[in-house]
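Naming: A, B, ... by sequence-line order, numbering from 1 per chain. The shown structure was predicted, so the numbers you read here are calculated from the model rather than taken from an experiment. Side chains included, hydrogens not; waters and symmetry mates left out as well; all remaining heavy atoms used.
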Amino acid sequence: DGGITQSPKYLFRKEGQNVTLSCEQNLNHDAMYWYRQDPGQGLRLIYYSQIVNDFQKGDIAEGYSVSREKKESFPLTVTSAQKNPTAFYLCASSSGTGKGTEAFFGQGTRLTVV
Amino acid sequence: RKEVEQDPGPFNVPEGATVAFNCTYSNSASQSFFWYRQDCRKEPKLLMSVYSSGNEDGRFTAQLNRASQYISLLIRDSKLSDSATYLCVVTGYSSASKIIFGSGTRLSIRP
């Protein structure tokens, strides 16, 4: 079945540590996105990538880094510079092949700083 | 001004009621519009696409008003299972555009 897989579902990080969230898609989509969601809030764009080996900062990129070495994969690293990383992280992809760019989501990763 | 704005709610309505949400967008060049539904602690899922003159799917109707730059979602005969957060999404015509989400409108249906 085609879809987007995020792992892990739950992640605990000690203060000062970097952690990497995985996002893999087999939908052959060009564009991939990372969003952050805080309790009771909407989705805020962290980074997005429209093509392999290229990505752009979203609205809240500070303290995060990404790579796009393969079309299928768009990992997000939460660095120690991110002061308040506890949140729900969602990865999405879209085809962008014409009539609309509907986004498909992974099931999300809940990151907690302990 | 936010690129996509929604009334956060919460909307608390009785079962069987009709409820409507609006969403405004700032970029007049936006081409594609969607409503997503998000259940508590879950990922958003596509509810409806809104292309030109609107879209209807059972109890749900979505409308687009390009002149005033807003889209709406109407839910008729609401069910308890409709309780969720509804997210408005606006994007361009290709993946060259960002996908922008509104902050969501919370809906709670009471028995």
Side-chain angles (χ1 to χ4, degrees), chain A residues 3-6 9-10 23 25 27-52 54-61 68 71 74 87-110 112, chain B residues 1-10 21 23-27 29-52 54-55 62 64 71 84-108:
Chain A
I4 301 180
T5 301
Q6 286 186 244
K9 191 172 182 179
Y10 299 96
C23 178
Q25 54 99 359
L27 299 166
N28 199 33
H29 284 170
D30 287 316
M32 297 186 74
Y33 309 81
W34 274 105
Y35 294 90
R36 168 180 172 144
Q37 189 174 37
D38 293 284
Q41 304 295 314
L43 278 68
R44 292 186 291 169
L45 183 63
I46 305 173
Y47 269 99
Y48 64 107
S49 169
Q50 298 164 2
I51 197 168
V52 174
D54 187 44
F55 49 82
Q56 289 78 40
K57 291 182 179 180
D59 301 316
I60 56 165
R68 188 85 187 275
K71 188 175 186 177
F74 191 40
F88 186 40
Y89 290 87
L90 287 158
C91 179
S93 71
S94 69
S95 63
T97 54
K99 196 175 183 182
T101 52
E102 171 192 346
F104 294 83
F105 283 88
Q107 291 188 314
T109 294
R110 292 198 178 275
T112 303
Chain B
R1 182 186 174 187
K2 289 184 179 179
E3 293 181 82
V4 178
E5 293 201 65
Q6 292 183 249
D7 182 341
F21 314 132
C23 166
T24 59
Y25 60 95
S26 60
N27 187 345
S30 299
Q31 293 289 335
S32 300
F33 310 90
F34 307 92
W35 284 103
Y36 277 71
R37 170 191 170 131
Q38 186 177 26
D39 294 295
C40 188
R41 302 177 70 84
K42 299 284 189 181
E43 75 276 20
K45 293 188 177 178
L46 180 67
L47 177 67
M48 299 183 73
S49 303
V50 189
Y51 291 121
S52 54
N55 192 11
L64 167 64
I71 66 172
T85 296
Y86 291 84
L87 301 165
C88 170
V89 178
V90 175
T91 187
Y93 198 68
S94 75
S95 63
S97 306
K98 294 186 293 184
I99 295 177
I100 305 297
F101 282 79
S103 56
T105 298
R106 287 171 51 204
L107 173 64
S108 178

Look at atom CD of Gln107(A) and say whether more than 12 heavy atoms of other residues, nucleotides or ligands are closer to it than 6.0 Å.
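Counting neighbours around CD of Gln107(A), 12 or fewer heavy atoms of other residues, nucleotides or ligands fall under 6.0 Å, so no.
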Determine whether more than 12 heavy atoms belonging to other residues, nucleotides or ligands lie under 6.0 Å from atom NZ of Lys71(A).
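Yes, NZ of Lys71(A) has more than 12 neighbouring heavy atoms, counting only those of other groups under 6.0 Å.
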Specify which of Pro44(B), Ser103(B), Gly102(B) makes the most heavy-atom pairs with chain A at under 4.5 Å.
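Maximum pair count with chain A is reached by Pro44(B).
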Any side-chain heavy atom of Glu102(A) within less than 4.5 Å of one from Tyr36(B)?
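The answer is yes; the side chains approach within 4.5 Å.
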Under 4.5 Å between any side-chain heavy atoms of Gln37(A) and Gln38(B), yes or no?
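They are in contact (side-chain heavy atoms under 4.5 Å apart), so the answer is yes.
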Measuring from Ile100(B):CD1 to Leu45(A):CG, what's the distance to the nearest 0.5 Å?
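Here the rounded value is 6.0 Å.
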Pairwise distance CG(Asp59(A)) to CD(Glu3(B)) - rounded to 0.5 angstrom
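One finds 6.5 Å between CG of Asp59(A) and CD of Glu3(B).
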Report the option among Ala92(A), Gly42(A), Pro39(A) that has the most heavy-atom pairs separated by less than 4.5 Å from atoms of chain B.
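Ranked by heavy-atom pairs under 4.5 Å with chain B, first place is Gly42(A).
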Return the option, out of Gly106(A), Gly58(A), Gly40(A), Gly108(A), with the maximum number of heavy-atom pairs under 4.5 Å with chain B.
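Most heavy-atom pairs within the cutoff with chain B belong to Gly106(A).
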Determine the minimum heavy-atom distance between Tyr35(A) and Ile99(B), stating which atoms define it.
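The pair with the smallest heavy-atom distance is OH-O, 2.8 Å.
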Shortest non-hydrogen contact from Phe88(A) toward Arg41(B)
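Reported closest heavy-atom pair: CZ-O, 4.4 Å.
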Report the residues that fulfil side chain to side chain contact (heavy atoms under 4.5 Å, CB included) with Asp38(A), sequence neighbours left out, ordered by chain and then residue number.
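Arg36(A), Gln41(A), Arg44(A), Ala87(A).
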Name all residues meeting the side chain to side chain contact (heavy atoms under 4.5 Å, CB included) criterion together with Asp7(B); count only those two or more places apart in sequence or in a different chain, and write none if there are none.
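Here the qualifying residues are Phe11(B).
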Quick one: what part of Arg106(B) sits under 4.5 Å from any heavy atom of chain A, side chain, backbone, both or neither?
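Neither part, no heavy atoms under 4.5 Å.
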